[in-house]
**Student:** 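Once you've had a glance at the structure underneath, I'll fire off some questions.
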Amino acid sequence: MQLSDLLEETYLALVGNKVRSSLTVLGIVIGIASVIAMVAIGQGSQASIQASIQSIGSNLIAITPGAQRGVGQQVSAGRGSSQTLTAADASAIQAQVSSVSAVAPDLTKRYQVTAPGTNTNTQVIGTTPAYLNVRNIAVDQGSFFTDQDVTSMAKVVVIGPTARDDLFGQGSDAIGKTLRINNISFLVIGITQSKGGTGFANPDDAVYVPLTTAQHFLAGVTYVSTISVSAVDQQSMSTVQQAITTLLLQRHNISNPQSADFSILNQNDIVSTASSVTGTFTALLASVAAISLVVGGIGIMNMMLTTVTERTREIGLRKAIGAERNDISNQFLMEAVALTFSGGILGIILGWIVTLLVEKFASIHSQITLSSVLMAFGVSAAIGVVFGYYPARRASGLNPIEALRYE
Amino acid sequence: MKTLELKHITKLYKSGGVEFLALKDVSFDVEKGEFLAIMGPSGSGKSTLMYTLGGLDTPTSGTYLLDGKDVSKMDEHELAVIRRERIGYVFQSFNLLSRSTVLRNVMLPLVYEGVKKEERERRAREALRAVSMDEKLFTHMSNQLSGGQMQRVAIARALINDPALILADEPTGNLDSKTGEVVMATFQRLHSEGRTIVLITHEREVAEYAERIIHVRDGQIVKEERDHKRHIHPDLYATQ
């Protein structure tokens, strides 16, 4: 029997039973579509979570103070309380650790910030111009303060767009105006571009002042609250982290790494943690969808068994005029595969539409990958073979004499 | 030249520990071009005999030669080849594929033989003309035809592989007597063209269209007739 004849027989048999064929295909369509949509949504969220972590900074390593502990004392003041991290540490990292592209120390505290007629409580970040590179911040209007401003403790401020809106009104031009922090006047020289962040440490709701200004005039301290380091590339992040740890332990005269007075957070670690969370989430969604695919496959088997029973006499006739076992089993197997295959194609289209709708109306970012489409295709064809095999075997094994007599 | 040679054929059925001897030492020959009727009541073993002749079943013992080839010892695959190439079946209930066209039904045996499409269609048209089917019906769905037309399509299907033997199992059983006569006339004409036909029936009237009648009862041949009064269909006088 030639392939073209087999395909023609399959087509005629399936079209001859339109309602039943389409209902059976529907089971596969729903299964494949949900797998495609679920995987797309899962992978999309994974990508968008990764992107938002990446936007904090490029290859960022953040050094925060650890617990303050006096010599021989067992009382810990808690993490972040240590005051041993200084701008000098930042300079040392810049000078002595290789593969570092930028280092920016900062002293961040919340203050009541006032402008004529308004005031707001926002974070005041005292830092150096390197902060722009390290934290992926760009200046929208005006300019950022310079190293010269840092050295001279200039009373200048660069404000985030949200802080600008709160203090000077929505979208207003704030450059050249003054605002007061802790009753000290600052000249607004720049406004940063919106990063669209939200929540606790929103980079848009912040004002930036030179580090030395913040240390001397606002906080009256000499330490810094964070040192942000940007590594040259992703691969060198762990070696940079290692080198910084060694350097700071040595600078702080600490011999036991367990009692370090600082802790280091690596952006890679956050990304991989988030990825594993979203990966689990995707797998969960996909496995729920896979169950519906299996149910669809059982539908195929059910229909094929009914078909074989209904067409017993036809099978008998085909054998009587010379069809062999393989001819019969290929015919029924082909019917099952054709059902799942067309279900697969329709399912991919439906899944794609669902994905687009979810993206449009639920604004969940989603991503259909070639691999998930190919997988859906392969799985649907495989389901046809797996669930079509038993009915096909049953058909081909029928005794022609009994099949011809079947009423 | 002998088309069929059956020597001491027995067939034993076993089901659930009960044994049943359906054929008991049956021997007969059919010459090439002969028109033979096998007659008997139901349960006489004539169906078993037909399945054996048609290569759907093998005898428990004895030999069955079709065109000199021993069919009785063949395996499943060899039997399928014999059915495909050497046998043409005509059934009581026609057994046409209802949702397929007349042409497609007739071509079906050639599909399994792997014959090319153009060749299949040419031979199908030829076979349909041989049973006097109207050309206009060739592309009709087979379930739109009358009973007599269906049976003639089935005969055309049996003819298409130019078989050594045409086996007809109660071909008029589902037809009224008028259309039954037309179908029998078709067989007689095929016989006059040199075809070898074996007809299985329980009706004397139908059997009388054949040249020779074998009576089967309880799995044995009980009587053979050659000089009975033959039915000759009036159409056949016209063509002769």
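These numbers were taken from a predicted model, which means no experiment stands behind them. Numbered from 1 within each chain, the chains take letters A, B, ... in sequence-line order.
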**Student:** Please flag which part of B/E76 lies under 4.5 Å from any non-hydrogen atom of chain A: side chain, backbone, both or neither.
**Tutor:** side chain

**Student:** Enter the distance from B/L36:CG to B/L53:CG here, rounded to the nearest 0.5 Å.
**Tutor:** 8.5 Å

**Student:** Side-chain contact test, heavy atoms from C-beta onward, threshold under 4.5 Å: evaluate it for A/R311 versus A/Q331 and give yes or no.
**Tutor:** yes

**Student:** Identify which of A/Q2, A/E324, A/R313 forms the greatest number of heavy-atom pairs closer than 4.5 Å to chain B.
**Tutor:** A/E324

**Student:** Could you go through B/D67 and B/R86, starting from their C-alpha distance and side-chain angles, then the distance that decides it, and tell me whether this counts as salt bridge (charged side-chain N to carboxylate O under 4.0 Å, His left out)?
**Tutor:** CA-CA 9 Å; B/D67 272 346; B/R86 311 302 299 141; 2.6 Å; yes

**Student:** Heavy-atom distance under 4.5 Å to chain A: side chain of B/L97, backbone, both or neither?
**Tutor:** side chain

**Student:** Would you mind checking which part of A/L404 comes under 4.5 Å of any heavy atom in chain B, side chain (CB onward), backbone (N, CA, C, O), both or neither?
**Tutor:** side chain

**Student:** Between B/D57 and B/K11, is there a salt bridge with N-O shorter than 4.0 Å?
**Tutor:** yes

